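Right, one structure below, let's go through it.
First listed ligand is number 1; within each ligand, the first listed atom is number 1. Here the structure is a predicted model, which means the values were calculated and not measured. Hydrogens, waters and symmetry mates are skipped; everything else that's a heavy atom, side chains included, is used.
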Amino acid sequence: MSTAKKEYKRVTVKSLIEMKQNQEKISMLTAYDYSMAKIVDDAKVDVILVGDSASNVMAGHETTLPITLDQMIYHASSVIRAIDRALVVVDLPFGSYQSDPKEALRSAIRIMKESGAHAVKVEGGAEIKESVKRILNAGVPVMGHLGLTPQAIYKFGTYTVRAKEKEEADKLIEDALLLEKLGCFAIVLEKIPASLTKIVSEKLSIPTIGIGGGRYADGQVLVIHDLLGMTHEFNPRFLRRYMNLYEEMGSAISQYVADVKSLDFPSEEEQY
Ligand code: KIV
């Protein structure tokens with residue numbers, strides 16, 4: 001049997017379902033701007049999420065709640081201009097889809113039309129069923145997001161692991177099945193026990209993408225700033241840092257400051 005992975009010139013929502021069927025894990029990372037998205041796409045990450053975590057890592061807010069639809073469209077358009085291969089999914093921001101299905105559809109259409117993105121992501125299950133239906137009916141692919149849903153942080157009160165108790169775990173399973181039935185193409189599972197991720201992933205034919213959901217998810221997602229070590233105060237157990245860019249960038253910048261002050265920069269060769 002050949003173990004060669006299929007090459008995807010362009011990743012689509014269909015490719016992700018195929019990856020699950022072929023037991024190929026899906027890689028997903030966030031990006032919010034052109035330069036970063038180009039690096040991420042060239043590295044062959046399957047899905048780029050223009051996450052509302054931009055509210056934290058790009059704008060410095062404490063939560064994801066303040067970011068607006070216009071700001072998400074700005075980030076998404078910058079990312080779209082950079083990519084050749086990845087599927088680009090954009091978070092519908094807090095307040096743009098929960099209250100009214102028609103408003104949800106208008107928000108999704110604005111993202112698709114004004115940024116050129118390929119799909120949207122929403123947080124929640126049964127509570128947002130009508131919004132999800134309305135968006136899907138218009139032909140816009142939808143990714144779900146269950147478990148720790150940061151847009152509901154004030155309801156939860158903390159960022160601790162979700163669905164450890166049976167009642168919440170049962171609701172999460174029901175929500176996942178509902179999202180699949182409605183037609184979502186994938187579901188993010190954030191900060192839930194690995195055993196629950198395993199149950200959900202085995203029950204669904206669409207892929208699950210974990211963040212703090214353990215190894216049984218069909219794919220994994222991280223915030224790019226965390227993976228690169230640009231953020232250094234956020235240290236959840238699930239995070240693997242591949243670099244310490246906070247220190248590396250800091251020391252490069254300090255060296256630049258020293259070189260300017262000491263007249264070392266620019267040198268003869270660096271001037272006209
Ligand atoms: O906004 C985001 O970055 C996300 C990921 C944490 C999944 O939703």
Worksheet item: To the nearest 0.1 Å, how far is atom 5 (C) of ligand 1 from its closest protein heavy atom, and which atom is that?
Response: L49 CD2, 3.7 Å

Worksheet entry | Basic-acidic side-chain contact under 4.0 Å: E127, K171 | yes

Worksheet entry | Option from V89, V88, T30 for which side chain to side chain contact (heavy atoms under 4.5 Å, CB included) with V47 holds | V89

Worksheet entry | Distance from atom 8 (O) of ligand 1 to nearest protein heavy atom, with residue and atom | K121 NZ, 2.9 Å

Worksheet item: Hey, which atoms in ligand 1 end up nearer than 4.0 Å to a heavy atom of V223?
Response: 3 (O)

Worksheet item: What do you reckon, does D91 have a nitrogen or oxygen under 3.5 Å from a nitrogen or oxygen of ligand 1?
Response: yes

Worksheet item: Which atoms of ligand 1 are found less than 4.0 Å from any heavy atom of T30?
Response: 3 (O)

Worksheet entry | Test: E168 and K164 ion pair at under 4.0 Å | no

Fill in: Modelled atom types, side-chain donor and acceptor of Y8 and E24, under 3.5 Å
no

Fill in: N-O pairing of D46 and R85 below 4.0 Å
yes

Worksheet item: Is E123 in contact with ligand 1, taking contact as a heavy-atom separation below 4.0 Å?
Response: no

Worksheet item: Using the ring of each side chain (for Trp, its six-membered ring), is H75 parallel, tilted or perpendicular to Y32, with breaks at 30° and 60°?
Response: perpendicular

Worksheet item: Which residue supplies the protein heavy atom nearest to atom 6 (C) of ligand 1, what is that atom called, and how far is it?
Response: I211 CD1, 3.7 Å

Worksheet item: How far does CG of L177 sit from NZ of K181, to the nearest 0.5 angstrom?
Response: 9.5 Å

Worksheet item: Is there at least one pair of N or O atoms, one from D52 and one from ligand 1, spaced under 3.5 Å apart?
Response: yes

Worksheet item: Which residue supplies the protein heavy atom nearest to atom 2 (C) of ligand 1, what is that atom called, and how far is it?
Response: S53 OG, 3.2 Å

